[in-house]
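Below, chains carry the letters A, B, ... as their sequence lines are ordered, and counting in each starts from 1.
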Amino acid sequence: MDFLTAMSASSSGMSAQRFRMNIISANIANAETTRTPEGGPYRRRDVVFGALPAQRSFEDELRARVNPDGPLHVKVLGVTIDKRAPVLKYDPSHPDSNDQGYVAMPNINPMEEMVNLMLATRSYEANVAAFNATKTMAIKALEIGKP
Amino acid sequence: MAGIFDRDITLLERSLDFRSKRNNLLSGNVANIETPGYKAKDLVFEQALGKALKAYEPGPMNTTHPRHLDGRNATPLSLVQARTIQSANPVGAVDGNSVDIEREMAKLAENQIAYQALGQMISHKFLQLRTAIREGE
């Protein structure tokens, strides 16, 4: 039965959105972090999504060649680091302040992060709805021939 | 066409098949709502199926023998192919993504309901056959 293709496309969407939520949560959590292993304040992170054919097993490869119009899965291609410069905040009592009394703080806008979080949540829900539609169809197919 | 599984069952079966394929594509679209450069896809088949039904109507030429050709020009139902298209989106996004989520969800729901209706119809067909086989019992 070919419903598994739709289900795995939907679940790839769900897991990509969940990964994005993790990154956004990390951004919010680190809004005030001034020390990181790579040095300097925390830098905002973002995810890059790409559309790819399903996992590359032999069968998938074969199917993709035979039917190049099949559905594409979402894949997290990578996490990028935002190039925005840190914000300088005047706080001479901060242990990481420079000689002039300024601290380099992460350039994180809570509004922006919250909007992205909402987008991720809604996209996740859309995938759940698509998944449920597929499930209902599969169950209906099983009912064919039932007395 | 001969036998107990008539053209309606073949038609319903092909429609179910296409609807399930369409569901795959639409689910892929929903999953890629935020993938930059992704183009939404859709499957068209209704016209092709409608055309194939013509294969069951008598052709323009008269036949007096079962092996005569009657000049019909139609693909048989079992050989009809669906076409994958890129669905047009008038309000394109900046990042080249053409998924319109409201439209995709509506299509998904429509496809699901049509699938259920087709499933119901094919069940009914089998029920009719059963009645005939059991002589109305």
Report yes or no: do Val44(B) and Leu118(B) belong to one cluster of Ile/Leu/Val/Met/Phe/Trp/Tyr joined by side chain heavy-atom distances under 4.5 Å?
-> no

Members sharing Val87(A)'s hydrophobic cluster, built from side-chain contacts under 4.5 Å between Ile, Leu, Val, Met, Phe, Trp and Tyr, are none

Rounded to the nearest 0.5 Å, what's the gap from CD1 on Ile33(B) to CG on Asn127(A)? Could you check?
-> 6.0 Å

Taking atom CD of Glu38(A) as the centre, does the number of heavy atoms from other residues, nucleotides or ligands within less than 6.0 Å exceed 12?
-> yes

If you tally heavy-atom pairs under 4.5 Å against chain A, which of Lys21(B), Gln116(B), Lys125(B) wins?
-> Gln116(B)

His124(B), NE2 atom: more than 12 neighbouring heavy atoms under 6.0 Å = no

Cluster question for you: counting only ILVMFWY and a side-chain heavy-atom cut-off of under 4.5 Å, with indirect links fine, are Leu11(B) and Phe45(B) together?
-> yes

Between CG on residue Leu72(A) and CG on residue Asn24(B), distance to nearest 0.5 Å | 12.0 Å

Could you pull out the closest heavy-atom pair between Met137(A) and Ser20(B), with the gap in Å?
-> CE-CA, 4.1 Å

List for me each residue that meets salt bridge (Lys or Arg N to Asp or Glu O under 4.0 Å) alongside Lys41(B), sequence neighbours excluded, and say none if there are none.
-> none

For chain A, which residues of residues 106-114 of chain B have heavy atoms nearer than 4.5 angstrom = Leu108(B), Asn111(B), Gln112(B)

Could you check if a side-chain atom of Leu16(B) sits within less than 4.5 angstrom of a side-chain atom of Ile144(A), using non-hydrogen atoms only?
-> yes

Look at Ala16(A), Ala51(A), Gly13(A) and state which one has the largest set of heavy-atom pairs under 4.5 Å with chain B.
-> Ala51(A)

Interchain contact, Ile101(B) with chain A, by part (heavy-atom threshold 4.5 Å) = side chain

Residues 42-50 of chain A: residues contacting chain B (heavy atom under 4.5 Å, by number) = Phe49(A), Gly50(A)

So, does Asn23(B) use its side chain to make a donor-acceptor pair with the main chain of Ala6(A) at under 3.5 Å?
-> no

Are Val128(A) and Ile139(A) co-members of a hydrophobic cluster defined by side-chain heavy atoms under 4.5 Å apart?
-> no

Do you reckon Val74(A) sits in the same ILVMFWY cluster as Leu117(A), going by side-chain contacts under 4.5 Å, direct or chained?
-> no

How long is the span from the CD atom in Gln120(B) to the NZ atom in Lys140(A), to the nearest 0.5 Å?
-> 4.0 Å

In this structure, CD of Glu34(B) is separated from CZ of Arg20(A) (nearest 0.5 Å) by 4.0 Å

Count the heavy atoms of every other residue, nucleotide or ligand shown that sit under 6.0 Å from NZ of Lys39(B), and state whether that count exceeds 12.
-> yes

So with a 6.0 Å cut-off around CZ of Arg18(A), is the heavy-atom count from everything else above 12?
-> no

Spell out, yes or no, whether Leu77(A) and Ile81(A) are grouped together once hydrophobic residues are joined by side-chain heavy atoms under 4.5 Å, including indirect joins.
-> no

Cut-off 4.5 Å, heavy atoms of chain B, and the answer for Arg122(A) is neither

